[in-house]
Asker: 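Quick one: the structure is below, questions incoming.
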Amino acid sequence: MWPLQCRVVEYQDNLDSDSKSKRLCFCGIVPAVSLLCVVLLFSTLFFAQRYNEKLLRWKMNIKKLKNDNCKNQCRTGGSHALPEGIISNTSDLEMRHLWDLPMTKTIENKENASTNLFAMAVGIKQKDLVNKLVKKFLSSNFVVMLFHYDGIVDEWNDFEWNNHVIHVAVANQSKWWFAKRFLHPDIVAEYGYIFLWDEDLGVEHFHPDRYVSIIKSEGLEISQPALDSNKSEVHHQITARGRRSNVHRRIYKTGGSGKRCDESSTAPPCTGWVEMMAPVFSRAAWRCVWYMIQNDLIHAWGLDMQLGYCAQGDRTKNVGVVDAEYIVHYGHPTLGGLDVNEVSSRTKDHRVDVRRLSYRELQVFRKRWQKAVEEDDCWVDPFQ
């Protein structure tokens, strides 16, 4: 019995020893695991914090980039308070009915839409000439705008076209005064060409569609129809009609008074020049010319010598006179002129005053141009 009892006791001691070892081992593992968990927890918190910092910096960089892009975005003055998609930058002179829905744009009516503008300063004394001009341009699907410098509008009601043109009436104002205020480039941006004419012109031999076709093919940004020298009052030789070409861009003048013009001439009035009675501007050229028109110089004398700067390039090529489509300049006195049927002892002919002011404005414009050139260090004269 003794040996057996001894083995039982020994076996029991071995079991107790193993339990103690396991307990000791377990007690040793728990702190290590706990320490590892703590390390992992702090590591996770540390890397999470680093990640959040990087994410925040990335978001801030994206926001800064977005803000920079927004700052660099070219927006029209006054539109910054609006979302971009609602901004309507341009307009037109199309009349819209108060009750009819706008016509759906189709290929057919898009092709028939008015793409050019004819604007003219008019007085009731030139009623017959104006009627012929308006009918000519309306038949070619132009938008027609009349500036009534005598303030009379109702007396045009007997013409069938009266309700199809735009009337603007302000007494005793010039064509350029009206143009500066009512033909802003953003208003006429829909039109390929802007015709800004006087009223004392004959158009028997002029066809607007053919004229537009010619200036497009010739690349003329600024132009005018030639004058029939047999019937017209011609002030400058370059405007007289030549019979050997569709278009001429220069004249040759070797003798007589005035400036000499030859093949080497690169400046007005020898080349790159049109007169102000019947100018025609491309959309791009008009955007430039409008800014050059001085708000307070209503006769625009001197402007013709600088129009070449708005020719979108070489004025000796992009400015010209169209011989194939020509007009007659009757030279009727308009602004300030007397009505022979209303002359009295108290009536004053203001044509002399108009002429005097025109010369004065010419001098003012020349001085302003010279001053602007001297003060603008960034501007480079392309023709020097």
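Side chains are part of it too, since the values below use all heavy atoms of this structure and drop only hydrogens, waters and symmetry mates. Note that this is a predicted model, so its numbers are computed, not measured.
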Asker: Applying side chain to side chain contact (heavy atoms under 4.5 Å, CB included), can you list everything that pairs with Gln363, at least two apart in sequence or on another chain?
Answerer: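 Residues passing side chain to side chain contact (heavy atoms under 4.5 Å, CB included) with Gln363: Arg366.
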
Asker: Table please: side-chain donor-acceptor pairs of residues 223-230 below 3.5 Å, with sequence neighbours left out.
Answerer:
residue : atom : partner : partner atom : Å
Ser223  : OG   : Tyr211  : OH           : 2.7
Gln224  : OE1  : Glu275  : N            : 2.7
Asp228  : OD1  : Asn230  : N            : 3.0

Asker: Is the distance between the ring centroids of Trp156 and His148 under 6.0 Å?
Answerer: yes

Asker: Quick one: which residue pairs count as a salt bridge (charged side-chain N to carboxylate O under 4.0 Å, His left out) with a foot in residues 178-203, not counting sequence neighbours?
Answerer: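 For residues 178-203: Lys175-Asp198, Asp186-Arg287.
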
Asker: Would you say Ile293 ends up clustered with Leu362 if hydrophobic residues are merged whenever their side chains have heavy atoms under 4.5 Å apart, either directly or through other cluster members?
Answerer: no

Asker: Please collect all disulfide (SG to SG under 2.5 Å) contacts where either partner lies in residues 271-309, sequence neighbours excluded, each pair once.
Answerer: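 Listed once each, the pairs are Cys288-Cys310.
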
Asker: Taking only residues two or more places apart in sequence, or in another chain, which ones meet Leu138 in a side chain to side chain contact (heavy atoms under 4.5 Å, CB included)?
Answerer: Val134, Val144, Trp161, Val165

Asker: Give every residue pair that meets the salt bridge (charged side-chain N to carboxylate O under 4.0 Å, His left out) criterion with at least one member in residues 149-165, sequence neighbours excluded.
Answerer: Lys127-Asp158

Asker: Could you grab the distance from atom OH of Tyr193 to atom CG of Leu117, nearest 0.5 Å is fine?
Answerer: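 With rounding to 0.5 Å, OH (Tyr193) is 14.0 Å from CG (Leu117).
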
Asker: Answer whether the closest heavy-atom distance between the side chains of Asp262 and Thr254 falls below 4.5 Å.
Answerer: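 No, too far: nothing below the 4.5 Å cut-off.
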
Asker: For the residue pair Lys136 and Glu204, what are the closest heavy atoms and their distance?
Answerer: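 Answer, listing the atom of Lys136 first, then Glu204: NZ-O, 4.1 Å.
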
Asker: Would you say that more than 12 heavy atoms from the other residues, nucleotides or ligands in this model lie under 6.0 Å from the CG of Asn157, or not?
Answerer: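 It does: Asn157 CG has more than 12 such atoms within range.
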
Asker: Looking at Trp197, Tyr191, Phe281, Phe206, which one forms a ring-ring contact (aromatic ring centres under 6.0 Å, His included) with Phe118?
Answerer: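 One option only clears the test, and that one is Trp197.
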
Asker: Should the ring pair His205 and Tyr326 be called parallel, tilted or perpendicular, given that the plane angle runs from 0 to 90° and is split at 30 and 60?
Answerer: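 Taking Tyr326 first and then His205, their aromatic rings lie parallel (interplane angle under 30°).
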
Asker: Just how far is it from atom CH2 of Trp177 to atom CG of Leu297, taken to the nearest 0.5 Å?
Answerer: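 Here the rounded value is 14.5 Å.
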
Asker: With Phe142, which residues qualify under ring-ring contact (aromatic ring centres under 6.0 Å, His included), at least two apart?
Answerer: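 Partners of Phe142 under the ring-ring contact (aromatic ring centres under 6.0 Å, His included) test: Phe137, Phe195.
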
Asker: Suppose we screen for side chain to side chain contact (heavy atoms under 4.5 Å, CB included). Which residues come up paired with Met305, at least two apart in sequence or across chains?
Answerer: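 Per chain and number, Met305 pairs via side chain to side chain contact (heavy atoms under 4.5 Å, CB included) with Pro268, Pro269, Trp273.
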
Asker: So Phe365 and Gln294, do their side chains get closer than 4.5 Å, heavy atoms only?
Answerer: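 Gln294 reaches Phe365 side chain to side chain.
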
Asker: Measure the spacing between CE of Met120 and CG of Leu201 and express it to the nearest 0.5 Å.
Answerer: 8.5 Å

Asker: State which residues pass ring-ring contact (aromatic ring centres under 6.0 Å, His included) with His248; sequence neighbours excluded, sorted by chain then number.
Answerer: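 Not a single residue meets the ring-ring contact (aromatic ring centres under 6.0 Å, His included) criterion with His248.
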
Asker: Can you pull out every salt bridge (charged side-chain N to carboxylate O under 4.0 Å, His left out) where at least one residue sits in residues 304-332? Sequence neighbours excluded, please.
Answerer: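 Residue pairs passing salt bridge (charged side-chain N to carboxylate O under 4.0 Å, His left out), neighbours aside: Arg210-Glu325.
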
Asker: Ser358: what forms a side chain to side chain contact (heavy atoms under 4.5 Å, CB included) with it, not counting sequence neighbours?
Answerer: His299, Trp301, Val354

Asker: Not counting sequence neighbours, list each pair that qualifies as a salt bridge (charged side-chain N to carboxylate O under 4.0 Å, His left out) and has a residue in residues 370-384.
Answerer: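 Those involving residues 370-384 are Lys371-Glu375.
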
